[in-house]
Amino acid sequence: MALTLDQVKSKSTARLIGLHSVLLAAANALIDRCYYRGVPIIITQGLRTIAEQDALYAQGRTKPGNIVTNAKGGTSYHNFGLAIDFALLLPDGKQVSWNIDRDGDGDKVADWSEVVQEAKALGFEWGGDFDSFKDYPHFQMTFGLTTLQLRAGAKPSEIAMAKASAIIDRFKEEVKEDMSKIEELEAIIARQDERLMDVEKRLNISGKETYAINYSEAITAAKAVGAITTSADKSKLELNIIQLFFNLGLFKKG
């Protein structure tokens with residue numbers, strides 16, 4: 001069974017705590033938009049303390065592991081709640097993937113690229129575009145401020161935040177419209193299924209027999225009286241009409 005949006009979002013809840021309010025809105029919008037593109041994601045990192053940043057910087061240098069960042073404590077936008085990291089959430093809802101070539105939704109576009117596209121549209125900068133160190137899971141919003149300015153106490157301006165929020169709000173509305181269209185399509189499909197079931201009942205055809213027993217018998221009888229010459233390429237509507245005539249006894253030789 002496919003994961004619901006609520007299930008997907010619940011996976012990231014803890015990592016969203018402490019983010020700047022605009023980043024929080026952008027992160028939630030990103031999760032929504034990616035979900036409706038068939039690419040569930042999970043936020044793996046949000047706000048990071050200076051101590052946590054220093055420990056991460058030490059990895060691959062003075063501690064075991066691979067180097068994963070060039071940013072010391074206080075020089076990462078994570079330290080100010082202005083950055084997030086993500087991973088692809090796999091269908092079981094438990095495992096994650098950092099495979100940038102994975103195409104889980106089968107649309108011939110890498111899932112990672114789809115997430116990056118959505119993030120950039122929301123106003124995020126992508127770590128994969130960095131010159132010195134490619135940080136592919138990383139997204140940030142700087143509001144035009146350096147980490148040096150942020151350490152000195154600078155805050156994003158009201159104008160910068162308003163511009164960013166306007167972009168996010170616009171895309172959130174698009175998600176609502178997409179959700180409405182999906183719900184409308186699901187309702188249409190449900191009504192069509194109900195009508196099909198009603199037709200099959202009137203034709204005295206069970207769902208199990210529709211493609212197997214009854215059609216075969218009806219087609220044989222129709223061929224025998226010359227009503228049809230072949231059953232090839234017959235639509236389901238045509239097959240149902242043949243079945244109806246058979247049930248009414250119209251293919252009996254007189």
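Along the sequence shown, the residues carry numbers beginning at 1. Values reported hereafter were calculated over all heavy atoms of this structure, with side chains retained and with hydrogens, waters and symmetry mates removed.
Scanning both residues, D105 and V39, for their nearest heavy atoms gives OD2-CG2, 3.7 Å. Listed here is the closest heavy atom pair of A26 and I168: CB-CD1, 3.6 Å. Nearest heavy atom pair, residue Y136 against residue F86, reads O-CE2, 3.9 Å. Annotation for A83 and H78: closest pair O-ND1, 3.4 Å, computed over non-hydrogen atoms. Summarising the geometry of A27 relative to I84, their closest heavy-atom pair is CB-CD1, 4.1 Å, with the distance given to 0.1 Å. Listed here is the closest heavy atom pair of W112 and S97: CZ3-O, 3.7 Å.
Note: the hydrophobic cluster containing V225 also contains I241 (ILVMFWY, side chain heavy atoms under 4.5 Å, direct or indirect links). The cluster map of Ile, Leu, Val, Met, Phe, Trp and Tyr, joined by side-chain heavy atoms under 4.5 Å apart, puts I31 and L47 in different clusters. Taking hydrophobic clusters as Ile, Leu, Val, Met, Phe, Trp and Tyr residues chained together by side-chain heavy-atom distances below 4.5 Å, F139 shares a cluster with V8. W126 and F133 fall into different hydrophobic clusters, where Ile, Leu, Val, Met, Phe, Trp and Tyr side chains are chained together by heavy-atom contacts under 4.5 Å.
Residues meeting the side chain to side chain contact (heavy atoms under 4.5 Å, CB included) test with A121, sequence neighbours left out: F171. For the side-chain hydrogen bond (donor to acceptor under 3.5 Å, both in side chains) test, residues two or more places apart in sequence or in another chain that qualify with Q95 are D92. Partners of D129 according to the side-chain hydrogen bond (donor to acceptor under 3.5 Å, both in side chains) rule, which considers only residues two or more places apart in sequence or in another chain, are K120. Shown here are the salt bridge (charged side-chain N to carboxylate O under 4.0 Å, His left out) partners of K11, two or more places apart in sequence or in another chain: there are none. Listed by chain and residue number, S113 satisfy the side chain to side chain contact (heavy atoms under 4.5 Å, CB included) test with A110 (two or more places apart in sequence, or in another chain). Taking E118 as the reference, R33, R37 meet the side-chain hydrogen bond (donor to acceptor under 3.5 Å, both in side chains) condition, with sequence neighbours excluded. By the side chain to side chain contact (heavy atoms under 4.5 Å, CB included) test, V96 is found to be paired with I42, A87, L89, W98, residues two or more places apart in sequence or in another chain being considered.
A donor-acceptor distance shorter than 3.5 angstrom exists from the side chain of R15 to the backbone of T44, with no hydrogens or angles considered. Side chain of D6 to main chain of S10: no donor-acceptor pair is present (N/O by atom type, distance under 3.5 Å, no hydrogens or angles). In this structure, the side chain of Y35 does not engage the main chain of K9 through any donor-acceptor pair within 3.5 Å.
Grouping Ile, Leu, Val, Met, Phe, Trp and Tyr residues whose side-chain heavy atoms lie under 4.5 Å apart, directly or via other members, places V68 in a hydrophobic cluster with L56. Chaining together hydrophobic side chains whose heavy atoms lie under 4.5 Å apart leaves I50 on its own.
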For residues 140-149, dump all side-chain donor-acceptor pairs below 3.5 Å to protein atoms at least two apart in sequence or in another chain.
unit_1: Q140; atom_1: OE1; unit_2: H138; atom_2: NE2; d: 2.8
unit_1: Q140; atom_1: NE2; unit_2: E125; atom_2: OE1; d: 3.1
unit_1: T142; atom_1: OG1; unit_2: E125; atom_2: OE2; d: 3.4
unit_1: T142; atom_1: OG1; unit_2: G144; atom_2: N; d: 3.2
unit_1: T146; atom_1: OG1; unit_2: L148; atom_2: N; d: 3.4
unit_1: T146; atom_1: OG1; unit_2: Q149; atom_2: N; d: 3.1
unit_1: T146; atom_1: OG1; unit_2: Q149; atom_2: OE1; d: 3.4
unit_1: Q149; atom_1: OE1; unit_2: T146; atom_2: N; d: 2.9

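Side-chain contact between N79 and T49 is absent, with no heavy atoms from C-beta onward closer than 4.5 Å. At a threshold of 4.5 Å between non-hydrogen side-chain atoms, the residues V115 and L88 count as touching. Between R102 and L90 the shortest side-chain heavy-atom distance falls below 4.5 Å.
For the atom pair CZ of F80 and CG of L23, the computed distance is 13.0 Å after rounding to the nearest 0.5 Å. Here N70 contributes atom CG and D135 contributes atom CG; the two are 9.5 Å apart, rounded to the nearest 0.5 Å.
Listed by first then second residue, pairs satisfying salt bridge (Lys or Arg N to Asp or Glu O under 4.0 Å) with a partner in residues 44-72 read R48-D85, not counting sequence neighbours. For residues 146-169, no residue pair satisfies the salt bridge (Lys or Arg N to Asp or Glu O under 4.0 Å) rule, not counting sequence neighbours.
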